[in-house]
Amino acid sequence: MTLSERDRNLIWHPYTQMLLEPESIGIVRGEKEFLYDEQGKRYIDAIASWWVNIHGHSHPYIAEKVHEQMNKLEQVIFAGFTHSPAVELAERLLKLLPEKQKKVFFSDNGSTAVEVAIKMALQFYANQGVKRNTIVSFTNAYHGDTFGAMSVSGRSIFTKPFNQYLFDVKFIEPPTAGNEEKSLRQLEEIIQKHRVAAFIFEPLIQGSSGMLMHTPEGLNRLLRLCHCCSVLTIGDEVMTGFGRTGKMWATDYLDEKPDIYCLSKGLTGGVMPLGVTTCTQSIYDKFLSPDKHKTLYHGHSFTANPIACTVALASLDLFEKENTMEKVKRIEKRHAEFAKELKNNKKIKDIRHRGVIIAIELQEDCEETSYINPMRDKIYNFFISRGIILRPLGNIIYMNPPYCISEESLDYIYDNITQFINN
Ligand SMILES: *Cc1c(COP(=O)(O)O)cnc(C)c1O
């Protein structure tokens, strides 16, 4: 039996309607931007395996570092104990992040990094006896699939069966080009009416909502308002972090910086699960007390796993060793050229790009959201048959590739996108 057949009998896959899509492609090997299935067919991983992979698959330097660490220390409880990979990673991350970020809290993935950020923000006020309990978010935000993360995400097909169990969040429209004024007014109104503790946002690019892009100035104005009104700002850089937008952090495009950062996905170069929530000294200080009620009671069995931290360190090494940000610049330039080429195509409603991300929104009548839009499967299958992994969000084709992707692979993907559009 093939992997696909054995899988089908046993495994329930994420984001998959198992009745309609029971077949999973069995991948046996990865190298650079390529994945190989059990029949030997090659695929270009144009979405970096769900936006995580940076340096390419099975990078030998990362493998070597993992092997070394495996022989030293594989796991240790992180309450009451610490270890070199975690300490070094905290040091290096804080050096890369804006100066005001002073403390690092580890968890396992993007959703948990968000959960921790929400708890930090709410308890920051609770510990001071200040009644502020409202959280503000963007209408179509995506911050993860656990209950807290779902609560601060836009209500959608993902959250529908659970909406009654999600806590109340006030939503504002994102500051996309032309919508900045409206977005700001909505935030002002909410801050006047409610006791707002925090505003959580995906900076500049909202991934799951279709690579929706904000203007930096629009976002700056929202953050400035929050900072004036003592509303904590949570920058969810889970997707945008580690170079995706052309700079190390999307917030590098902004003058105003968030008080809390959530990192995951590219944190380990997309190799191991790991999440990090960082905060300013003044947030951390409000948890310091002889009163144990003020402790942040949150943790996971694998918090700051030494292997995961080692991989994150190896990934940061590679940023220097391989001039990774230069690769990002190269892709950004290619995307810009491609966008120009397609600009006046009548089948395209909008084309936008920043960093390694390009999104091509196709004209269509169907208003359905991403996962139930019939166009989605048509696009997905077209590219899979040509050995390209692209998972469109409804009528939006996007690329978010590993930064090591070759010119040939970029050409091949652009060609196929053009062919699909003109068909
Ligand atoms: C993917 C994502 C998350 C959730 O991360 P997981 O590791 O999938 O739990 C949170 N926020 C953003 C912006 C994301 O793109």
Side-chain angles (χ1 to χ4, degrees), residues 13-16 47-54 105-121 135-156 158-159 162 166 169 171 174 198-214 219 233-245 248-251 253-254 258 260-278 298 300 302-305 308 311-312 315 354-357 359 370-371 391-393 396 398-401:
H13 284 265
Y15 281 93
T16 305
I47 56 159
S49 285
W50 250 345
W51 319 344
V52 298
N53 191 291
I54 287 179
F105 194 101
F106 287 98
S107 65
D108 300 345
N109 58 65
S111 302
T112 56
V114 167
E115 296 287 339
V116 171
I118 297 168
K119 287 190 182 181
M120 272 182 188
I135 295 180
V136 179
S137 172
F138 288 137
T139 37
N140 34 20
Y142 178 77
H143 296 289
D145 289 341
T146 51
F147 271 82
M150 263 199 297
S151 295
V152 295
S153 298
R155 301 297 177 259
S156 70
F158 300 171
T159 64
F162 319 108
L166 303 182
V169 166
F171 292 101
F199 166 51
I200 183 166
F201 64 101
E202 296 154 85
L204 294 191
I205 306 182
Q206 291 181 233
S208 291
S209 68
M211 300 296 164
L212 199 69
M213 300 193 185
H214 310 149
L219 200 48
T233 50
I234 303 171
D236 178 354
E237 291 242 22
V238 168
M239 192 281 282
T240 51
F242 301 94
R244 293 260 162 227
T245 65
M248 196 60 173
W249 317 113
T251 51
Y253 290 94
L254 307 176
I260 297 175
Y261 277 80
C262 303
L263 309 176
S264 188
K265 291 197 168 115
L267 171 59
T268 59
V271 173
M272 292 273 295
L274 183 67
V276 148
T277 311
T278 69
H298 187 103
H300 299 276
F302 288 102
T303 294
N305 171 261
V311 175
S315 170
R354 191 189 276 284
V356 302
I357 296 169
S370 61
Y371 269 81
R391 279 175 67 91
L393 294 152
I396 301 167
Y398 73 87
M399 279 170 73
N400 189 354

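Just so it is clear, the model here is predicted, and its values are computed rather than measured. We count ligands from 1, going down the list as the structure has it; atoms in each ligand are counted the same way.
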Do we see a donor-acceptor contact under 3.5 Å between the side chains of Ser156 and Tyr142? no
Side-chain heavy-atom pair Gln206, Pro174 within 4.5 angstrom cut-off: yes
Tell me, please, which residues at least two apart from His298 pass ring-ring contact (aromatic ring centres under 6.0 Å, His included). His300
Could you say whether the N/O atoms of Trp51 and ligand 1 ever approach to under 3.5 Å? no
Using a 3.5 Å cut-off on N or O atoms only, is Asp236 in polar contact with ligand 1? yes
Which atoms of ligand 1 have any heavy atom of His143 under 4.0 Å away? 10 (C), 11 (N)
Looking at ligand 1, is there an atom of it that comes within less than 4.0 Å of some heavy atom belonging to Lys265? yes
Is it true that atom CZ of Phe171 has more than 12 heavy atoms of other residues, nucleotides or ligands lying nearer than 6.0 Å? yes
Compute the minimum heavy-atom distance from Trp50 to ligand 1 and say whether it is under 4.0 Å. no
When only distance counts, is Val238 in polar contact with ligand 1, meaning an N/O pair under 3.5 Å? no
Please step through side chain to side chain donor-acceptor pair (under 3.5 Å) for the pair Glu202 and Thr240, ending with a clear verdict. CA-CA 8 Å; Glu202 296 154 85; Thr240 51; over 6 Å; no
Can you pull out the closest protein heavy atom to atom 5 (O) of ligand 1? Residue, atom name and distance to 0.1 Å, please. Gly110 CA, 3.1 Å
Specify side chain, backbone, both or neither for Glu202, according to which of its non-hydrogen atoms lie closer than 4.0 Å to ligand 1. side chain
I need the nearest protein heavy-atom contact for atom 9 (O) of ligand 1: residue, atom name and distance, please. Ser111 OG, 2.6 Å
Give the atom numbers and elements of ligand 1 that come within less than 4.0 Å of a heavy atom of Gly144. 4 (C), 10 (C)
Determine, using ring centers only, whether Phe138 and His214 are less than 6.0 Å apart. yes
Is the shortest distance from atom 11 (N) of ligand 1 to a protein heavy atom below 4.0 Å? yes
Do any N or O atoms from the side chain of Glu237 and from the backbone of Tyr261 form a donor-acceptor pair under 3.5 angstrom? no
Out of Val152, Ile135, Ile200, which residue meets the side chain to side chain contact (heavy atoms under 4.5 Å, CB included) rule with Ile234? Ile200
